[in-house]
Amino acid sequence: MLKSLTSQLRTIWTILQHSFTKAETVQYPEQMPYLAPRYRGRIVLTNDPDGQERCVACNLCAVACPVDCIALQQGVKEDGRWYPEFFRINFSRCIMCGMCEEACPTNAIQLTPDFEMCEYDRSNMVYEKEHLQIAGTGKYHDYNFYRVSGLAIAGKDKGQAQHEAPPIDVKSLLP
Amino acid sequence: MPTITIDGVAYEVEAGRNLLESCLSLGLDLPYFCWHPAMGSIGACRQCAVVQYQNAEDNRGRIVMGCMTPVTDGAIFSLSGDKARHFREAIVESLMLNHPHDCPVCAEGGECHLQDMTVMVGHRDRHYRGRKNTHRNQYLGPLINHEMNRCITCYRCTRYYRDYAGGTDLAAMAAHDHIYFGRHQEGVLQSEFAGNLVEVCPTGVFTDKSLVHDYTRKWDLQSAPSVCTACAVGCNTIPGERYGRLKRVHNRFNAEVNGYFLCDRGRFGAGFVNSDRALEFPGLREADGRYRALDHHDALHRMMDSCAAGKVAGIGSPRASVEANYLLRLLAGTDNFAPGFSDAEQDLVNLALRLQQQSAAVTPDIRTIESADAVLVLGEDVTNTAPRIALALRQSVRNKAYEMAAGLRLETWQDAAIRNLAQQQRSPLFIAAVADTPLDDVATRRLSLAPEGIAALGQAVAAGISGAASATPGSTSGEAVDIVAALARASRPLVIAGTGCGSAAVLQAAAEVANALCSSGRQAMLCLCVPEANSLGQAMLAGPKAPNLGALEERARAGEIDTLVVLENDLYRRGNSAGIDALLAECRNVIVLDGLDNATTSAATLVLPAANFAESEGTLVSLEGRAQRYYPLFQPREERRPSWVWLLACMKELERPDVHSLHHFDDITRACAADIPALAGITAAAPDLHYLNLGVKIPRQPSRYSGRTAMRANISVHEPKQREDEETPLAFTMEGLNRSQPGALLPWVWSPGWNSNQSLHKFQTHAGGPLKGGTAGVRLLHPGAAGGHRISDITAPATAAASAAPDLWQLVPRPRIFGSDELSALSPGLAELVVPGFIELSPADAGRLGVATGDGVDVGDGIATLEVRVNATMTTGCAGYSAGFAGSGNLAPLARVTLQRAANWQRRPQLIGSDRGNGSGSSHV
C-alpha cells in the first residue's frame with residue numbers, strides 16, 4: 001500500500017517537473033524546425049562536379065526501393081555515358097527510407113531536408129526527371145563516377161581513369 | 001555408384017563425372033568459371049579448388065581442382081576447409097585485380113557470374129594498390145558489344161567460339177597479362193552462333209548490343225517460356241520484356257532440343273516485336289483506297305458480315321500457331337483452307353511429313369543428332385535453314401574423338417585432353433550441296449552437285465547399302481562408294497535433307513538411304529528440315545489434299561470465293577506477284593490478320609492487327625515433330641489481339657455450332673487434338689491453364705521486379721489490379737512459385753546466390769542434365785511405327801520436267817541465315833547483316849554471261865533483277881538465288897530460266913572495313 005502510494009507520488013512529481021523543461025515541439029509552420037543535412041526528405045538527382053548528370057541508370061535504387069516507387073529506363077548518350085531516359089518517383093508511395101540513396105553507386109540520388117510536399121491531387125506527387133534533377137552536387141561534392149569507372153566516354157579514354165594504366169599494346173611482346 | 005565424403009558427409013555420386021559437377025548436382029555451392037556443362041573441363045581458372053585427403057589419417061590434404069578431379073569410390077574432400085577457402089578467395093582477388101569499377105554501367109550486372117562468385121567466396125577488400133590494366137575494345141558487329149577490360153581470362157569464349165562452334169575469327173592473343181580476346185582486326189564476328197558468347201562469358205566482356213542501348217536488368221524483365229519462331233528447329237527461348245518492349249532473348253534450356261545454345265537468328269531476330277511497322281488498330285479500306293482505323297467491335301462486325309455473306313476461303317500460315325490455323329480451317333471449311341505454303345513448298349513439306357511418318361528411321365532431336373557417328377547431308381544447307389542443327393553436327397563429328405578417348409579410358413569431360421588426342425580426326429560428314437556450305441570445314445567431303453545429281457547420289461548410296469550396287473548405274477562413283485563405306489561402318493548413321501534445296505527427289509533419296517540403313521540393321525536417323533516454325537504442324541493440320549495457293553487462285557478467277565481470310569501470311573513471299581495480285585483482286589473481301597504491315601495487308605480490304613509470338617499463346621510443331629507451347633510475356637498494345645481471339649470471336653458472332661463449347665485457348669487445343677489425328681498429342685505439349693504449382697500460378701516477374709508503383713504513375717497514379725491471365729498457367733505478377741514445375745513452364749532461371757544463367761543447374765536433375773520438371777514439348781512423330789514402308793511407294797510430286805537447255809539455268813535456293821526468314825530480317829541488329837538479294841553463279845557461267853561479282857542480272861522474263869555473286873564452288877548450270885529475300889519472291893526452286901546481264905544496273909558502292917566502325921564511335925572505344 002505504502003509502496004504503491006510512493007510510486008504514484010513520484011510519478012506525479014516527475015510529470016510536474018516537465019512543466020519547467022523546454023518544449024521539443026515547435027510552432028510549425030510559423031517556426032521552422034532545424035533539419036540536419038542528412039535528414040531524409042524529398043529526393044533529388046544531382047550532377048557530378050563537372051556539371052554532368054550523375055545518374056547512370058543502373059537501376060539499383062529501383063530494386064532497393066521497398067515500395068517499388070522508382071521506375072526508370074536506361075539510355076546511352078552520344079558520348080558513351082549511360083543516363084536515364086526517364087526517371088520517375090511516385091512520392092505518394094515513397095516512405096523516405098533512404099534505401100535508394102544507400103544503394104546508389106554514383107551518389108546521384110540524394111535525400112534532402114525538404115519534406116513539405118503537400119498536394120490536393122495525388123498525381124502531382126509523381127515526379128519526373130526534370131522535377132528531380134538539381135544543378136548542384138548535393139551533399140557529396142567531389143565524387144565523379146566516370147573518373148573511377150573503366151568505361152570510356154568522350155573526354156576520358158581507356159586508361160585515363162583513376163588507378164588505370166594506359167591501354168595495352170596487344171602487339172608488343174615486352175613484359 | 002561411388003561414394004565420396006565431402007566435409008565429413010558421405011554422398012553417393014554418379015560415376016564418370018568430375019567433382020565439380022557432382023558437388024553442383026548435390027546442391028553444394030562450389031565457385032567456378034571456366035567449366036561449362038556443354039564444354040567440359042580444362043582447369044584454367046583454378047577457382048573450384050577443394051582439399052583432397054589421401055585417407056582418413058591424412059589431415060593435411062592437398063589442393064585439387066574440382067573440375068579436373070574424377071569422383072572415385074572412397075575419396076575424401078573438403079569444400080569448406082580453410083586451405084581451400086583461402087585459396088578460392090585469393091583466386092577471385094587475383095581475377096579482380098584489373099577488373100574495372102563498371103558494375104553500374106555494365107549490361108551483365110545483376111546476372112553476372114563473376115559477381116556471384118565474388119560474393120560466394122567472400123572477397124571484399126582489394127589489397128593490391130597498383131594500377132589496373134586496360135584494353136581497347138573492338139567493334140564486333142551490330143549484335144555483340146565488346147568490353148575487354150572486364151575479362152578474367154577464363155577462356156570460355158574462345159573454347160566456345162573455336163572449339164564448340166567452329167568459328168575461326170575470335171582468339172586469345174598476346175602473352176602474359178597482355179592477353180586479349182578478340183579478332184585480329186575489328187569486324188563482324190563471322191560465326192552464326194556468336195551470340196552465345198553473351199551467355200557463355202561469365203562477366204560482361206561480351207554483351208548483347210541491342211540490350212546495352214536499351215537496357216533493363218535481369219530482375220526487371222518480365223518473361224515467359226517461349227519458342228523461337230525464326231526457323232523450324234523450335235529452340236526454347238526466354239524473351240524478356242519491360243515497358244512494353246521486347247528487350248532480349250535468352251536461351252531456355254531444353255536437354256533434347258537446343259541445350260545451352262541458340263543461333264544468332266533466334267537470339268537477335270525477335271526485334272521485329274518492337275517494330276514501328278506493327279499494326280495497332282484494325283483498318284478498313286475506304287472507297288478512295290485509303291485506310292480508316294476502326295475499333296474492334298466495328299472490325300469484328302465487318303468481318304462477320306463478310307464471312308456470313310458469301311463463300312469463304314482461308315489461307316493459313318506456317319508461321320502462325322496450330323490453334324489459329326485450326327480455327328481458320330473451321331471458319332473456311334476443310335476444302336477451302338490452304339495451308340499458306342508456296343505451291344512447290346506445300347508438296348515438299350507434305351512429302352517430308354509422309355516420309356518421316358513412313359520411314360523406319362528415327363526422327364532425331366538435336367541431342368540425338370549430336371550422337372551420330374556418320375552423317376550424310378543431302379542438298380540442305382542446314383547452317384542457313386535450321387542453324388541449330390549445324391551446331392549439333394559440329395558436335396557429332398567429335399564422336400570420333402570420344403571413341404578414341406574411350407579407348408584410352410579418358411573421361412568425356414577431359415576437354416583439352418580429348419581435343420589434343422583427336423587433333424583433326426573427325427567422324428565422317430559428307431555434304432552434297434549445290435555450292436559451299438558453312439559446315440565444309442568439318443566435312444569429310446563436300447560435293448557440288450545439281451539437285452538431280454544430289455538425288456542420284458542418294459539413290460546410289462541407298463543402292464550401295466542395300467547391296468544392289470551393281471544393278472544401279474552410277475553407284476560405282478568414288479564418292480558414293482566412300483559414303484557407303486562410312487555409313488556402313490557407323491552404328492548411329494544420320495541422313496539429313498530438307499525442303500531447302502527445293503527438290504522432292506532429294507527428300508526421297510534421303511529417306512531411301514535411311515531406310516536402307518535401317519534394313520541393314522543399323523539404328524539410322526532421318527532428319528528432314530522444313531522451312532518455318534510451324535511448317536510441319538501446318539502439313540499435319542491441312543493434310544495432303546488441301547488446296548494450294550494456285551488452286552485458290554483458280555477458284556477465285558472462277559468467282560467461287562467472295563471472302564478470303566489470310567492469317568499471318570505475306571502472300572507475296574509465297575508465289576509470283578502476278579498470281580497473288582489476281583487472287584487478291586478477284587475476291588470481294590480480303591481480310592488479313594497480321595502483326596506487321598506488309599504487301600498483303602496493303603492489298604486487303606480489312607486488316608485486323610494480330611498479336612505476335614511475344615503477345616500471344618500458341619502451339620508450334622518443330623521439324624522433329626515436337627509440339628511446343630509459347631506463352632505471352634506481355635499484353636498486346638491497343639487493339640492487337642491474338643489471331644485465335646479474332647477468329648473465335650468472329651465465329652461466335654456467326655453462332656457457329658462447332659465453336660459453341662470453345663471459350664479458352666485450351667479448348668481450341670483440345671478441339672484440334674480431337675479433330676486432327678496427327679495432332680492428337682498437342683494437348684500434352686504443356687499443362688493447361690488450370691495448372692497450379694503447389695497452389696499458385698507461375699510468376700512471369702522475378703521476385704525483385706522493381707518499379708511497380710511508378711511504372712505507369714505518369715498515366716494514372718491509381719494503380720489498377722494486376723491483370724489476371726485467363727489463358728495460361730502463368731501470372732503477370734511476381735507472386736507464385738518458379739520451382740519444380742514442368743519444363744514447358746520455366747519463365748526464368750534464378751536461385752539465391754546464383755543470379756546469372758549459371759543458376760540453371762539448380763533446375764536440373766544433375767548439373768548439365770535434363771530439367772527436373774521434364775523436357776518441354778511432346779513428340780508427335782513416332783518413327784518406325786509404320787514398320788518401314790517402302791519409301792519408293794510414296795510418290796513424289798512431279799517436278800517441272802523442263803529440259804536442260806544450254807541457255808537455261810536451273811534456279812536453286814541459297815537461303816541465308818540472316819534475310820531468308822521474313823520476320824527476323826526486320827530486327828534492327830540483324831537487318832544490318834542482311835545482304836541484298838543475289839544470284840550466285842559459277843565462274844564458267846559468269847564468264848558466259850559476261851558478268852562479274854557486283855553486276856546485275858535479269859532473271860527470266862523480267863521476274864527479277866538481282867546482283868551477281870561469282871562463287872567458285874557453285875555447280876555449273878545452276879543459279880543460286882537468295883531464297884526468302886525481298887526481290888526474289890517471284891523465283892521458284894528448280895525452275896529453268898534465262899539469265900542475261902542487266903542493262904541499267906547500278907553497282908553498289910564498295911564498303912570497306914574501316915567504313916563500318918566510323919559511324920559508331922562511342923560503341924567501340
In terms of heavy-atom pairs under 4.5 Å, which option from T216(B), V105(B), D102(B) contacts chain A the most?
V105(B)
Using non-hydrogen atoms and a 4.5 Å limit, figure out which bit of D214(B) sits close to chain A: side chain, backbone, both or neither.
both
Tell me if the CD atom of E30(A) is crowded by more than 12 foreign heavy atoms within 6.0 Å.
yes
What part of Y215(B) lies closer than 4.5 angstrom to a heavy atom of chain A: side chain, backbone, both or neither?
both
Using side chain to side chain contact (heavy atoms under 4.5 Å, CB included), reason through R136(B) and I168(A) one step at a time and then give a plain yes or no.
CA-CA 8 Å; R136(B) 294 213 176 271; I168(A) 286 169; over 6 Å; no
Working for side chain to side chain contact (heavy atoms under 4.5 Å, CB included), residues L151(A) and R150(B)
CA-CA 10 Å; L151(A) 198 73; R150(B) 299 170 186 158; 3.9 Å; yes
With rounding to the nearest 0.5 Å, note down the distance linking CG in L72(A) to OH in Y243(B).
5.5 Å
Heaviest contributor of heavy-atom pairs below 4.5 Å to chain A, chosen from S716(B), C103(B), S706(B), is S706(B)
Which bit of R712(B) comes within less than 4.5 Å of chain A, counting heavy atoms only: side chain, backbone, both or neither?
backbone
So with a 6.0 Å cut-off around CD of E119(A), is the heavy-atom count from everything else above 12?
yes
Go through the steps to decide whether H213(B) and Q74(A) satisfy the test side chain to side chain contact (heavy atoms under 4.5 Å, CB included), and finish with yes or no.
CA-CA 8 Å; H213(B) 288 88; Q74(A) 173 263 17; 5.9 Å; no
With P104(B) as partner, the option from P105(A), S149(A), C55(A) fulfilling side-chain contact (heavy atoms from CB on, under 4.5 Å) is P105(A)
Taking all non-hydrogen atoms of both residues into account, name the closest pair between T134(B) and K158(A) and its distance.
OG1-C, 4.4 Å
Applying a strict 4.5 Å limit to non-hydrogen atoms, the region of I70(A) in contact with chain B is backbone
Pair count under 4.5 Å, heavy atoms only, with chain B: among G75(A), C65(A), A62(A), P167(A), highest is P167(A)
I'd like to know which of H176(B), H718(B), R704(B) tops the heavy-atom pair count under 4.5 Å against chain A.
H176(B)
Value rounded to 0.5 Å, distance of OH in Y128(B) from NE2 in H163(A):
11.5 Å
Nearest 0.5 angstrom please: E719(B) CD to N90(A) CG, how far?
6.5 Å
What part of D169(A) lies closer than 4.5 angstrom to a heavy atom of chain B: side chain, backbone, both or neither?
backbone
I need the H101(B) NE2 to Q162(A) CD distance, nearest 0.5 Å.
9.5 Å
So does R38(A) have more than 12 non-hydrogen atoms from other groups sitting under 6.0 Å from CZ?
no
Less than 4.5 Å to any heavy atom of chain A: does that hold for the side chain of H178(B), its backbone, both, or neither?
both
If you count heavy-atom pairs under 4.5 Å with chain B, which of A154(A), A161(A), S92(A), P166(A) comes out on top?
P166(A)
For the CZ atom of R88(A) and the OG1 atom of T709(B), what is their distance to the nearest 0.5 Å?
10.5 Å
Which atoms of R93(A) are under 4.5 Å from chain B, going by heavy atoms: the side chain, the backbone, both sets, or neither?
side chain
Do V212(B) and W82(A) come close enough that some side-chain heavy atom pair is under 4.5 Å?
yes
Let's go through N133(B) and E164(A) carefully: what are the C-alpha distance in whole Å and the side-chain angles of both, what is the deciding distance for side-chain hydrogen bond (donor to acceptor under 3.5 Å, both in side chains) to 0.1 Å, and is it a yes or a no?
CA-CA 6 Å; N133(B) 277 351; E164(A) 275 191 355; over 6 Å; no
Kindly give the heavy-atom pair with the smallest separation between C69(A) and A710(B), and that separation in Å.
O-CB, 3.1 Å
How far does CG of N59(A) sit from CZ of R217(B), to the nearest 0.5 angstrom?
6.0 Å
Segment of D177(B) engaging chain A (4.5 angstrom heavy-atom cut-off):
backbone
Against chain B, residues from residues 124-144 of chain A with at least one heavy atom under 4.5 Å, in numeric order, are V126(A), E128(A), Y143(A)
